[in-house]
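What follows is a single structure, written as structure tokens, with notes after it.
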Amino acid sequence: MSQKNQTLGEFIIENQTSFKYSSGELSRLINSIRLAAKVVNYEVNKAGLVDILGTAGQINTQGESQQKLDVYAHEKFITMLTNRNIVCGIASEEEEDFMVINSADQKHQNKYVVLIDPLDGSSNIDVNVSVGTIFSIYRRVTPVGAAVTIDDFLQKGTRQVAAGYIIYGTSTMLVYPTGHGVNGFTLNPAIGTFYLSHPNMKFPKKGSIYSVNEGNYIHFPQGIKDYIKHCQKEEDERPYTSRYIGSLVSDFHRNMIKGGIYLYPQSSTYPKGKLRLLYECNPMAFIAEQANGKASDGFHRILDIKPHSLHQRIPFICGSASMVADVENFMKVAAN
Ligand code: P6P
């Protein structure tokens, strides 16, 4: 049984059996993510001091100007994951296509693929607002020994074997579920060790926080507009409060601790929604459900959606189960 202040290393060893395929491989994967997180954290925390602010002058596959730290984080996570010789392929939000990780002597023997958003919320970097890394791990569907294909990446979220995020905030935390709920590990930067600080994190069934960019209100579907008005109505003695950081990992993390809901519906700029199914929605939905929360596109469970392309965007509503259910009800009524 995990106890507070246990180190991440001790926790991984104690919980290896929770990874249903192979005790050693999740450990090595999480350890490579742990190391990359520490390296990226060091750069994020001094971004204001070193001339790595501003864009790298490149445009990423999403058509967004890449922040130098985006590029840095992408490179660090790819390197660390590759060096552990466990994954056969990696897909990054910063790359158009997936990367085949060929360990020559392994002849495609590696069994796992990783999908990663190296630095989500990076537009906040220059204004010193917290950002995050989001990762998702699947077992390949192509036979071991064969070359990795797109099918290894276009899997439903229910097939994730692990997922998690790192939040580079007032403290740096690695949050990921094992078989016993969602656990949060806080980095002690003085000694570079993650300690179990938030064991068994759970979304309160109902919360009072709603997180949405209300600047897009006029473009929201009617059901979302109706839900937001429901949150604002007077007669309930204002049971809700609006909190929106503009960084998914940060809004999600606060809502999981305090109770609340995050919404990124479709809008005029993003007619299919802004968030990516594979790099953001599936891993966060996986974590949410492991923490008694719920994640939906307004009508369907996120984890049941069959992906059709690597950078597919979808509407994303995620958080306390009863609040997500409320949104689905408003969407259903408005659709009839
Ligand atoms: P907007 C960051 O770019 C991100 O993908 C999420 O982390 C965040 O919640 C959202 O977009 C913010 O988008 O349009 O409100 O600035």
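Both counts, for ligands and for their atoms, begin at 1 and track the order of listing. No experiment lies behind these values; they were computed from the predicted model shown. Just so it is clear, the values below take in all heavy atoms, side chains as well, and ignore hydrogens, waters and symmetry mates.
Phe135 places none of its side-chain heavy atoms less than 4.5 Å from the side chain of Asp117. Side-chain contact between Asn188 and Tyr195 is present, with at least one heavy-atom pair separated by less than 4.5 Å.
Atom numbering of ligand 1 starts at 1 in the shown order; those under 4.0 Å from a heavy atom of Asn213 are 1 (P), 14 (O), 15 (O). Taking every heavy atom of Tyr244 and a limit of under 4.0 angstrom, the matching atoms of ligand 1 come to 1 (P), 9 (O), 10 (C), 12 (C), 13 (O), 15 (O). Which parts of ligand 1 touch Glu280 is read off a 4.0 Å heavy-atom cut-off, strictly below it: atoms 5 (O). Every atom of ligand 1 with a heavy atom of Gly246 under 4.0 Å away is listed here by number and element: 8 (C), 9 (O), 12 (C). The contact set between ligand 1 and Tyr262, taken as ligand atoms under 4.0 Å from a residue heavy atom, comprises 8 (C), 9 (O), 10 (C).
At least one heavy atom of Ser247 sits closer than 4.0 Å to an atom of ligand 1. Using a 4.0 angstrom heavy-atom cutoff, Tyr270 does not count as in contact with ligand 1.
For Leu248, heavy-atom contacts with ligand 1 shorter than 4.0 Å involve the backbone as well as the side chain. The proximity of Leu275 to ligand 1, defined as any non-hydrogen pair under 4.0 Å, is limited to the side chain.
Residues Arg301 and Glu289 are paired through a salt bridge, judged by an N-O separation under 4.0 Å between the basic side chain and the carboxylate.
Between Leu263, Asp120, Ile245, it is Asp120 that holds the heavy atom closest to atom 4 (C) of ligand 1. Distances from atom 16 (O) of ligand 1 to the heavy atoms of Arg313, Lys274, Glu214, Glu93 put Lys274 nearest.
Here the rule is ring-ring contact (aromatic ring centres under 6.0 Å, His included) with Tyr165, and of Phe185, Phe252, Phe286 only Phe252 fits it.
By the salt bridge (Lys or Arg N to Asp or Glu O under 4.0 Å) test, Asp297 is found to be paired with no residue, residues two or more places apart in sequence or in another chain being considered.
Residue pairs that meet the salt bridge (Lys or Arg N to Asp or Glu O under 4.0 Å) test with at least one member in residues 191-216, sequence neighbours left out, do not exist here.
Heavy-atom neighbours of Arg84 CZ from other residues, nucleotides or ligands within 6.0 Å: above the threshold of 12. By the neighbour-count criterion of 12 heavy atoms within 6.0 Å, atom NZ of Lys258 is sparsely surrounded, having that number or fewer from other residues, nucleotides or ligands.
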